[in-house]
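Computation of the quantities below employed the complete heavy-atom set of this structure, encompassing side-chain atoms and omitting hydrogens, waters and symmetry-equivalent molecules. Nothing fancy with the numbering, it's 1 onward along the sequence.
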Amino acid sequence: MAGLLFDAHLHIIDPRFPLVPNQGYLPPAFTADRYLEAAERLGIAGGAVVSGSFQAFDQGYLLDALQQLGPGFVGVTQLPADVCDQEVRRLAEAGVRAVRFNLRRGGSAGLADQERLARRVHDLAGWHSEFYLDSREIPALEQRLSALPQIVIDHLGLSRVGLPALLRLVARGAKVKASGFGRLDFAPAKALRQIAEVDPGALLFGSDLPSTRAPRPFRADDIALLRSSLPPAAVQAALFDNAVRLYRPRGQSASSRT
């Protein structure tokens with residue numbers, strides 16, 4: 001699998017399914033077909049479709065997208081706190097691998113429900129929990145986040161000032177998405193190196209396509225930036241191996257995840 005990419009953060013926006021305005025914003029369409037065109041150019045072999053704030057608790061778009069994208073792709077969904085066990089198991093069978101808590105823009109279960117829901121889906125289906133937050137908020141949440149079974153922080157935590165707190169989470173086992181470089185208030189190269197130094201298994205490349213609301217959308221040279229920022233031994237792990245281990249894509253054998 002050398003040279004291939006696993007895209008740990010992408011969005012599919014299909015207007016056939018409900019969209020919920022978030023702070024007055026509705027994203028333009030970005031269908032599975034359009035994503036696959038981009039993925040072919042970039043060498044992407046699989047990925048994680050992440051539910052956005054504007055999709056709230058709709059599962060229809062996600063299950064349809066996974067079917068269109070194929071077995072190399074998995075889902076990261078948003079769930080209400082009172083979701084039933086049967087629904088979690090149904091989604092897991094369809095390829096969903098994580099629950100998302102969108103603390104920055106909403107659309108997900110709230111902070112008060114975070115710990116109970118995160119533990120429940122982990123126990124039921126082996127899911128981890130993903131957090132879209134500003135790393136400046138981590139100190140207030142650090143004890144709670146560190147106690148969860150497995151967490152992932154989106155977009156390098158967004159803020160330079162929160163990087164020390166993010167690195168503390170990494171030392172306790174958190175994963176971090178090397179994604180959304182155009183959303184950051186800092187240049188990512190040093191942060192990428194620091195995260196890999198703390199834990200070479202922590203970084204997960206993500207395109208963030210189609211980069212909704214990002215001040216600067218994803219571009220292909222973001223991948224080159226990641227490659228040049230890390231020592232050679234850490235590049236393949238960040239671009240493919242770490243994410244495949246975490247997400248367990250349906251189309252990957254156990255041997256390809258080692």
Side-chain angles (χ1 to χ4, degrees), residues 1-11 30 35-50 72-74 76 98 128 130-135 151-167 169-171 173-247 249 252 256-258:
M1 293 294 178
L4 294 179
L5 308 178
F6 187 95
D7 183 356
H9 198 99
L10 66 108
H11 299 286
F30 187 72
Y35 176 79
L36 287 172
E37 290 173 6
E40 185 174 6
R41 292 193 301 271
L42 295 168
I44 290 170
V49 182
V50 177
F73 290 82
V74 299
V76 178
H128 63 271
E130 304 200 353
F131 290 85
Y132 185 24
L133 51 73
D134 189 309
S135 59
I151 65 169
V152 176
I153 305 297
D154 289 348
H155 308 323
L156 294 175
L158 297 173
S159 296
R160 178 190 57 79
V161 71
L163 184 59
L166 180 66
L167 292 173
L169 287 182
V170 171
K175 312 295 184 184
V176 179
K177 292 190 182 180
S179 60
F181 293 171
R183 301 181 186 273
L184 309 180
D185 70 0
F186 60 95
K190 182 178 179 181
L192 292 168
R193 287 193 296 273
Q194 289 177 307
I195 291 167
E197 286 168 3
V198 173
D199 181 359
L203 284 171
L204 314 167
F205 159 73
S207 72
D208 191 32
L209 283 167
S211 304
T212 56
R213 287 191 278 201
R216 194 270 288 167
F218 169 79
R219 55 195 184 206
D221 61 7
D222 287 344
I223 300 171
L225 188 156
L226 186 150
R227 290 182 183 276
S228 66
S229 300
L230 297 176
V235 170
Q236 177 67 10
L239 290 175
F240 189 84
D241 297 340
N242 293 341
V244 170
R245 247 181 240 112
L246 177 68
Y247 286 102
Q252 295 293 334
S256 68
R257 298 199 296 270
T258 59

### Query
Taking C-beta and beyond as the side chain, do Val244 and Asp241 meet within less than 4.5 Å on heavy atoms?
no
### Leu166 side chain near Ile195 side chain, heavy-atom distance below 4.5 Å
yes
### Query
Does Gly206 offer a backbone N or O that forms a donor-acceptor pair with the side chain of Ser179 under 3.5 Å?
no
## Note on the structure
Distance col, row Arg245:CZ vs Leu204:CG, nearest 0.5 angstrom, shows 10.5 Å
### Query
How far apart are the closest heavy atoms of Leu184 and Pro188, and which atoms are they?
CD1-CB, 3.8 Å
### Task
Output the distance between atom CZ (Phe30) and atom CG (Leu209), rounded to the nearest 0.5 Å.
4.5 Å
### Query
Any donor-acceptor pair under 3.5 Å linking the side chain of Ser135 with the backbone of Ser159?
yes
### Query
Stepwise, does the side chain to side chain contact (heavy atoms under 4.5 Å, CB included) test hold for Phe186 with Leu156?
CA-CA 10 Å; Phe186 60 95; Leu156 294 175; 4.1 Å; yes
### Query
Do the ring centers of Tyr247 and His128 come within less than 6.0 Å of each other?
yes
### Query
According to the side chain to side chain donor-acceptor pair (under 3.5 Å) rule, which pairs have a member within residues 182-193, sequence neighbours left out?
Arg183-Asp208
### Message
Is there a side-chain contact between Phe218 and Ile223 in this structure, where contact means two heavy atoms from C-beta onward sitting under 4.5 Å apart?
### Response
yes
### Query
Of the non-hydrogen atoms in Ala220 and Leu42, which two are nearest, and what is the gap between them?
CB-CD2, 3.9 Å
### Task
Using a 4.5 Å cut-off on heavy atoms from C-beta on, say whether the side chain of Ile153 contacts that of Val170.
no
#### Entry: Which residues share a side chain to side chain contact (heavy atoms under 4.5 Å, CB included) with Asp154, sequence neighbours left out
His9, Arg100, Glu130, Tyr132, Lys177
### Query
If you round to the nearest 0.5 Å, how far is CG of Asp7 from CZ of Phe240?
12.0 Å
### Query
Residues two or more places apart in sequence or in another chain: which of them pass salt bridge (charged side-chain N to carboxylate O under 4.0 Å, His left out) with Arg216?
Asp222
### Query
Taking side chain as C-beta onward, heavy atoms only, is Ile44 less than 4.5 Å from Leu4?
no
### Message
If I take atom CZ from residue Phe181 and atom CG from residue Asp221, how far apart are they, to the nearest 0.5 angstrom?
### Response
10.5 Å
### Query
Which pair of heavy atoms, one from Val50 and one from Ala8, lies closest together, and at what distance?
CG2-O, 4.2 Å
### Query
Which heavy-atom pair separates Pro249 from Gly72 by the least distance, and what is that distance?
CB-O, 3.6 Å
### Straight-line distance of Ser211 OG to Leu10 CG, nearest 0.5 Å
10.5 Å
### Task
Enter the distance from Phe131:CZ to Leu169:CG here, rounded to the nearest 0.5 Å.
10.0 Å
### Task
Taking all non-hydrogen atoms of both residues into account, name the closest pair between Ala238 and Leu226 and its distance.
CB-CD2, 4.2 Å
### Nearest heavy atoms of Tyr35 and Ser207, plus distance in Å
CE1-OG, 4.4 Å
### Query
Donor-acceptor pair, Asn242 side chain versus Ala237 backbone, under 3.5 Å?
yes
